[in-house]
Amino acid sequence: MSETSTNERFNALDGARTTAMLLGVFYHALLFGGMLGGSPPTGFGPPGGPGGPGGLNGAMMLQDWLHSFRMPLFFLISGFFCRMMFQKYGIYGYLYRRYSRIGLPLLIGIFTFVPLYQFASESFRGGPGPGGIGGRMSPGGPPGPMGGAAFNADDLPPPPPGFVPPPLQPFDVNHDGSIDAAEWIVAKKELPPPPGFGGPGFGPRRGGQPDDPRAATNASAPRFPGIGPAGPAGPRGMFKPPGEVSTRLFGTSVKYFTLSHLWFLWYLLVFATAAPFVVSPLGLITGRRGIVDQNCERPTDVGAENLRTEGSLPVPFDVSPPRSNAAVDQITASIIRWQMIPLLIGLLSLPALLMTQSMFGWSLGLADGIGRGFPDFLWHLEFDMPFYFVYFLSGWWLHRMRVILPSVASGWWINFAIGFAAHLAAAMLSLNFARQMDLPNYSLLRFAGYALYAVGSAFTAWAFLGVFQRFANHPSVFGRYFADTAFWVYLVHQALLFPFLAWLTPFKLAWWINGSLASLMTIAASILLYESFVRPTPLNSLFGPGSSSRSNSHRTKELSVS
C-alpha cells in the first residue's frame with residue numbers, strides 16, 4: 001500500500017468510530033435513566049461486586065460491557081488516523097491540526113457544553129449540582145420533579161466487614177480493615193454519593209475541614225489516587241478534585257467548568273502530542289516504506305505489483321533502520337499469522353489497567369479526569385491515561401500495518417466470542433471474590449480478573465473493527481453523514497438527554513426501551529441543532545467535518561476523535 005493512501009477514506013474505521021460515539025449516547029441514557037427512575041443508583045461494575053448492585057441487573061451488565069471496549073476502541077481508531085495525519089503533514093503541521101481540531105473544541109466545550117450539562121442535571125434531577133443530593137434523591141427531602149418516593153441516602157449501608165474500597169480507606173481510622181458505624185457517618189459526609197446521585201468529583205462540602213475531629217486528625221493519612229483532601233485543592237471526591245487554581249478562579253461555580261464528558265478530548269490531545277516522540281526511538285515512524293514477503297525473508301519495493309499475497313498476508317515495514325525494523329516485523333508477522341493481535345493488545349494493557357486502581361471491582365472505572373477543573377487539568381496526568389495510551393499506540397501501529405485490515409474482517413465473530421466470554425468471566429470473578437480480601441489466593445484471583453477484563457476489552461474492540469471491515473467497508477451517504485456529525489452529537493448529547501429522559505420517566509418503560517427512545521430523540525435533536533446552528537456557520541470547521549472533507553468526498557476528515 002503506498003503512502004498516497006493518506007487521501008483515501010477508511011469507511012470501515014469511520015463507521016466503527018461513529019458507532020462508538022453513538023453507543024456513548026445510549027450508555028449515558030442508561031446511566032442517567034437510573035438517576036431519574038426513582039431507585040438507588042446501581043453503581044458501576046459487575047452486579048454484586050464492589051460498586052455494583054446486589055443482584056443481576058441487565059442495564060448494569062450492558063453498561064459495564066459497553067464501557068469495557070467503547071473508549072478503548074475510540075482511542076485505537078484515533079491513533080490510526082493520527083499517524084495518517086503525521087505522515088501527511090509532518091510534525092509541525094500535524095501538531096497544528098491536532099491542537100486546532102481537538103484543543104479548540106475542548107476549550108470551547110468547557111465553557112458551553114459542560115455548563116449546559118450541569119444546568120440540565122440540576123434542573124431535571126432536582127439537585128444542587130455535582131455532588132449535591134437534591135430533588136427526589138434528597139436525604140429525607142420531598143420528591144423531585146419526576147415524582148415518586150424520595151430515596152434517603154442515609155439508608156445506604158456501610159461496606160461489609162473486611163472490605164474497605166479504596167476511597168473509604170482514609171476513613172478507616174482504627175485500621176481494622178472495616179468501616180464501622182461512626183466511620184461510615186464521617187465518610188458519607190465527606191465523600192460524594194455513589195454514581196447517579198451527584199455529578200463527578202464533588203462531595204456535598206466545598207472545602208474546609210471535616211466536621212468530625214477524628215477525620216481531621218487523619219487528614220495527613222495517605223490518600224488513594226483520585227481522592228483529594230478537602231481544602232483549597234478542591235473537595236474530596238470519587239474522581240480527582242478540580243484543583244487549586246480552578247477553585248480559586250471559580251469558587252463554588254467550579255463545578256460548571258470541569259472536563260466532565262470532554263475528558264476524552266484532553267486525553268487525546270496528550271496522546272497525539274506524545275505519540276510521535278514516544279514511537280520515534282522505536283523506529284516505528286519513518287518516511288520510506290517496504291514490504292516483507294510472506295516468509296519475512298526479504299524486503300521488496302512498496303509498489304502494488306510487488307505485493308505477494310500467497311500464504312499469509314504481506315507485512316509492511318519501515319526500511320530505516322533496516323535491521324531493527326526487520327526484527328520487529330518478523331515478530332509482527334508471526335503475531336498476525338496466528339491472529340494474536342488482540343491478545344497482545346490486551347496483555348500490553350494489563351499493567352496499565354492494574355494501575356487504574358478502580359473502586360468498582362476488577363474492571364475499568366470511570367475516567368479519572370472527569371472532575372478535574374479548568375485550567376488545572378493542563379498540568380495533571382491521570383492514573384488511567386496509560387491504559388488508553390496503549391490503545392492509541394496500537395492504532396498508530398495499525399496504520400503502519402494497515403495492509404492487514406482485510407484479515408481483521410475474517411475473524412470478527414471469533415474475536416467477539418472470545419471477548420464476550422472473557423468479559424463475562426471477569427465479571428463473575430469480581431462478583432464472587434472481589435469482596436473476599438482475606439482469601440489466601442486473593443492476589444492471584446485479582447490478577448486473573450483484571451487479565452480477563454483486559455483481554456475481553458481488546459478482543460471486543462478488535463471484533464468491532466472486524467465487523468465494520470467486513471460489512472461496512474464501502475462509502476454510503478448515510479454513513480458519511482453520521483461520520484461527519486457524530487462528533488457534534490457526542491459533545492452536546494448530555495445536556496439533551498436529561499429533558500428527554502424526564503419526559504419518558506412517567507411512562508415506566510422497560511430500561512432498554514427507555515434508553516433507546518431517549519437516545520434516538522437526543523441524536524435527532526442534536527442533528528437538528530447541527531443543521532440549524534453549526535453547518536451554516538464557521539462553527540462547522542470546528543464541530544463538523546471541516547472544509548476539506550466537505551469539498552472532497554474521498555478524503556478522510558481530519559478529526560480523529562470519537
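Keep in mind it's a predicted model, so treat the numbers as computed, not measured.
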Counterpart residues, side-chain hydrogen bond (donor to acceptor under 3.5 Å, both in side chains), relative to Thr19 (two or more places apart):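 Scan of Thr19 (side-chain hydrogen bond (donor to acceptor under 3.5 Å, both in side chains), adjacent residues dropped) gives none.
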Mind checking whether [X] and [Y] have parallel, tilted or perpendicular rings, split at 30° and 60°?
X: Phe392; Y: Phe271; answer: tilted
X: Trp65; Y: Phe416; answer: perpendicular
X: Phe482; Y: Phe478; answer: tilted
X: Trp488; Y: Tyr530; answer: tilted
X: Tyr490; Y: His28; answer: tilted

Test of ring centre spacing under 6.0 Å for Phe74 and Phe264: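 Yes, they do, as the ring centres are separated by less than 6.0 Å.
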Pair Phe75 and Tyr388, ring centroids less than 6.0 Å apart: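 Centroid separation for Phe75 and Tyr388: below 6.0 Å.
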Residue pair Tyr99 / Thr273, side-chain donor-acceptor N/O under 3.5 Å: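 Tyr99 vs Thr273: donor-acceptor pair found between side chains.
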Polar contact flag, side-chain donor to acceptor under 3.5 angstrom, Thr356-Asp384: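 There is no such pair (donor and acceptor under 3.5 Å, judged by atom type) between the side chains of Thr356 and Asp384.
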What closest approach, in Å, do [X] and [Y] show between heavy atoms, and which atom pair accounts for it?
X: Phe80; Y: Arg402; answer: CE1-CB, 4.0 Å
X: His261; Y: Leu491; answer: NE2-O, 2.9 Å
X: Tyr256; Y: Pro115; answer: O-CG, 3.3 Å
X: Tyr117; Y: Phe498; answer: CE1-CE1, 3.5 Å
X: Leu542; Y: Phe487; answer: O-CE2, 3.7 Å

Can you give the donor-acceptor pairs under 3.5 Å from side chains of residues 459-469 to other protein atoms, not counting sequence neighbours?
{"from": "Thr460", "atom 1": "OG1", "to": "Gly456", "atom 2": "O", "distance (Å)": "2.7"}

Donor-acceptor contact below 3.5 Å, side chain Tyr94 vs main chain Met84: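 Between the backbone of Met84 and the side chain of Tyr94 there is no qualifying donor-acceptor contact (under 3.5 Å).
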Residue Phe507 excluded, over 12 heavy atoms near CZ under 6.0 Å: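 Enclosed: over 12 neighbouring heavy atoms sit under 6.0 Å from CZ of Phe507.
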